[in-house]
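One is the number of the first residue; the rest follow in order along the sequence.
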Amino acid sequence: MAERLAIKLPSSLVAERDGAVAILRLNRPQKRNAFDDETILGIEQFFTSLPDGIGAVLLVGEGEHFSAGLDLSELSERDVTQGIAHSGLWHRAFGKIQFGKVPVIAVLHGAVVGGGLELAAAAHIRIAESSAYYALPEGSRGIYVGGGGSVRLPRLIGVARMMDMMLTGRTYSADEGQAMGLTTYLVEPGGGFAKGLELAKRVAGNAPLTNFAVMQALPRIAEMDPASGYAVEALMSAIAQADPDAKARLKDFLEKRAPKVTRS
Ligand code: 1HE
């Protein structure tokens, strides 16, 4: 059963723990989990304060929607310098998700729009409930993405789709998001949390160095020229296999104590 995690957060966020899995709930359903500055700072605080023993994070939204993105009521009077600082705040907070301590699994439902989609893009695994839909309404609001969307989303769905979403206000359904690789699991409404917790527990049970390699090395290698990528991959695989945890896991398999790979 989940228990409260002792991390000081604004009321728009709730932190819990279920064994080795930390759960972060976006908890401002009356504003469709729109992100004010306090919430973004809280997200950063959560991801930098995870206690020892946490091996994965599950990110979910309370209410009918995952998130309506930026709190538009806060946009009022920022000048250019303040706008750059604001975007930098989001970059810092979401960077703590993507390149933080442990893998993050996001469960998406209802509206996943604007900054909500940018937040989802910073996670390592995305699960959609069939109610989810995706949009980048920034274009129609006269603004631009600022939470890392231009960097992360083209890598997930391609520049052409992101341009279309921003220029025309196009919305993609959960089925379309799944087909284009934005999500890698699609479940019935209400089924996301259980699926997410099951996956998070499995992820948390991996060797920590493997999770480190997948989070920190894999996306960087994917950006490198092939020759550099092979060199970094060789180093990373040598470091991972030398860890006593890896040796123990290999021994378990060879001595028939570890499960075989099975069809799902
Ligand atoms: C908000 C926000 C918000 C709702 N900021 N207050 N994001 C958007 O352009 C999406 C704007 N929101 C919507 O299109 C809809 O609210 C939803 C499709 C998400 C949900 O619709 P619905 O019918 O369930 O809720 P609602 O009645 O529209 O909203 C309920 C309340 O939440 C209402 O406030 P109330 O005081 O009248 O009750 C809304 O005003 C409020 N609310 N969304 C502030 N976003 C780093 S750059 C990132 C740039 C972006 O993210 S731009 C995209 C902004």
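Contact check for R4 versus V14: side-chain heavy atoms found under the 4.5 Å cut-off. Between F66 and N33, the closest side-chain pair of non-hydrogen atoms is not below 4.5 Å. Residues D79 and Q82 are in side-chain contact: their nearest non-hydrogen atoms beyond the backbone lie under 4.5 Å apart. Within the 4.5 Å cutoff, no side-chain heavy atoms of V102 are placed close to those of V203. In this structure, V232 and M224 have side chains that are in contact, with non-hydrogen atoms separated by less than 4.5 Å. Side-chain atoms of R92 and L41, non-hydrogen and from C-beta on, do get closer than 4.5 Å to each other. Taking 4.5 Å as the limit, some side-chain heavy atom of F99 sits within range of a side-chain heavy atom of Q216.
The two residues A135 and T171 come nearest to each other via the heavy atoms CB-OG1, 3.8 Å. The nearest pair of heavy atoms linking A174 to S130 is CB-O, 3.6 Å. For the residue pair Q98 and H124, the shortest heavy atom distance occurs at O-NE2, 2.8 Å. Of all the heavy atoms in L5 and A22, the pair that sits closest is CD1-CB, 3.9 Å. Scanning all heavy atoms of the two residues, the minimum distance from I157 to M165 falls at CD1-SD, 3.8 Å. Heavy-atom minimum distance, T39 versus S12: OG1-OG, 2.7 Å.
In the displayed structure, E255 atom CD is contacted under 6.0 Å by more than 12 heavy atoms of other residues, nucleotides or ligands. The 12-atom threshold is exceeded at CE of M180, counting heavy atoms of other residues, nucleotides or ligands nearer than 6.0 Å. Shown here is K247, whose NZ atom has more than 12 heavy atoms of other residues, nucleotides or ligands within 6.0 Å. The neighbour count for R257 CZ, taken as heavy atoms of other residues, nucleotides or ligands under 6.0 Å away, is above 12. Within a 6.0 Å radius of CZ in F253, other residues, nucleotides and ligands contribute 12 heavy atoms or fewer. Counting heavy atoms of neighbouring residues, nucleotides and ligands inside a 6.0 Å radius, atom CD of Q241 exceeds 12 of them.
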* Report the C-alpha distance between S87 and Y144 in whole Å, list the side-chain angles of each, state the deciding distance to 0.1 Å, and finish with yes or no for side-chain hydrogen bond (donor to acceptor under 3.5 Å, both in side chains). => CA-CA 10 Å; S87 177; Y144 186 66; over 6 Å; no
* Test side-chain contact (heavy atoms from CB on, under 4.5 Å) on I84 and V80 and set out the steps. => CA-CA 6 Å; I84 289 172; V80 171; 4.1 Å; yes
* To do: Determine, stepwise, if the pair M236 / F212 fulfils side-chain contact (heavy atoms from CB on, under 4.5 Å).
  => CA-CA 10 Å; M236 194 64 249; F212 171 85; 4.0 Å; yes
* To do: Determine, stepwise, if the pair M162 / L156 fulfils side-chain contact (heavy atoms from CB on, under 4.5 Å).
  => CA-CA 10 Å; M162 181 166 173; L156 281 172; over 6 Å; no
* Steps toward side-chain contact (heavy atoms from CB on, under 4.5 Å) verdict (L59, I105) -> CA-CA 6 Å; L59 176 61; I105 297 172; over 6 Å; no
* Quick one: do R141 and E138 satisfy salt bridge (Lys or Arg N to Asp or Glu O under 4.0 Å)? Show the steps, please. => CA-CA 5 Å; R141 311 267 182 243; E138 284 85 346; over 6 Å; no
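Counting only distance, with no hydrogens or angles, the side chain of H65 and the backbone of K31 share no donor-acceptor pair below 3.5 Å. When atom types are taken as modelled, the side chain of R152 and the backbone of G149 share no donor-acceptor pair closer than 3.5 angstrom. Checked by atom type and distance alone, the side chain of D164 never pairs as donor or acceptor with a backbone atom of R170 at under 3.5 Å. The closest donor-acceptor contact from the side chain of E118 to the backbone of V145 lies at 3.5 Å or more, if one exists at all. With hydrogens and angles disregarded, no donor-acceptor distance shorter than 3.5 Å links the side chain of H109 to the backbone of E62.
Under the 4.5 Å side-chain contact rule for hydrophobic residues, L13 and V104 share a cluster. Using a 4.5 Å cut-off between side-chain heavy atoms of Ile, Leu, Val, Met, Phe, Trp and Tyr, with links allowed through other members, I40 and L72 fall into the same hydrophobic cluster. In the hydrophobic clustering of this structure, I125 groups with F193; members are Ile, Leu, Val, Met, Phe, Trp, Tyr whose side-chain heavy atoms approach within less than 4.5 Å, directly or through other members. Y133 and L182 are assigned to two separate hydrophobic clusters, defined by single-linkage of ILVMFWY side chains at heavy-atom distances under 4.5 Å. Two different hydrophobic clusters hold V60 and Y134 under the rule that ILVMFWY side chains link at heavy-atom gaps under 4.5 Å.
Salt-bridge check for E198 with K195: passed, with a basic side-chain N closer than 4.0 Å to an acidic carboxylate O. Between D71 and R28 a salt bridge is recorded (basic side-chain N to carboxylate O distance below 4.0 Å).
For the atom pair E129 CD and L108 CG, the distance stands at 9.0 Å (nearest 0.5 Å). Rounded to the nearest 0.5 angstrom, S150 OG and R155 CZ are separated by 10.5 Å. Rounding to the nearest 0.5 Å places CD1 of I43 at 7.5 Å from CH2 of W90. Remark: E223 CD to L218 CG distance equals 10.5 Å, nearest 0.5 Å. Atom CZ in F47 sits 11.0 Å away from atom CD1 in I54 (nearest 0.5 Å). Considering CD1 of I7 and OG of S49, their distance stands at 5.0 Å, rounded to 0.5 Å.
Among the candidates I23, L50, V21, the single residue satisfying the side-chain contact (heavy atoms from CB on, under 4.5 Å) test with V57 is L50.
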